[in-house]
Amino acid sequence: MKRITLTVTEAAELIGVSQNTVYAMAREGQIPHTRVRGRILFHRDVIETWLRGEYAQVSQA
């Protein structure tokens, strides 16, 4: 079964940048992510959609 979340390392490999770049992008809100108990995780489908330029962030109230 394929996991639905990616770690920072896996996300960096998927998009072809360094882990430090992924951390910076998450910190600056440039890449969609979530935090779970201090860990940064990425939803695989959301990242793939984001890479295609089709991701529209939904604002949270």
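We're numbering straight along the sequence, starting at 1. All values below were derived from every heavy atom in this structure, side-chain atoms included, with hydrogens, water molecules and symmetry-related copies excluded.
One finds the OG1 atom of Thr49 at 4.5 Å from the CZ atom of Arg52 (value rounded to the nearest 0.5 Å). Taking NZ from Lys2 and CD1 from Ile4, the interatomic distance works out to 11.5 Å, rounded to the nearest 0.5 Å. The structure places CD of Glu48 at 14.0 Å from OH of Tyr55, a figure rounded to the nearest 0.5 Å.
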Step-by-step side chain to side chain contact (heavy atoms under 4.5 Å, CB included) determination, Ile15 to Ile47: CA-CA 9 Å; Ile15 63 176; Ile47 295 301; 4.2 Å; yes

Leu41 and Leu6: CA distance, side-chain angles, deciding distance, side chain to side chain contact (heavy atoms under 4.5 Å, CB included) verdict: CA-CA 6 Å; Leu41 296 175; Leu6 301 169; over 6 Å; no

Verdict with reasoning, His33 to His43, per side chain to side chain contact (heavy atoms under 4.5 Å, CB included): CA-CA 7 Å; His33 67 283; His43 191 282; over 6 Å; no

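Residue Leu51 is grouped with residue Val17 when hydrophobic side chains (ILVMFWY) are merged at heavy-atom distances under 4.5 angstrom, including chains of intermediate members.
A side chain to side chain contact (heavy atoms under 4.5 Å, CB included) with Phe42 holds for exactly one of Thr5, Thr7, Val22; it is Val22.
One finds a salt bridge joining Arg3 and Glu10 here, because a Lys/Arg side-chain nitrogen approaches an Asp/Glu carboxylate oxygen to under 4.0 Å.
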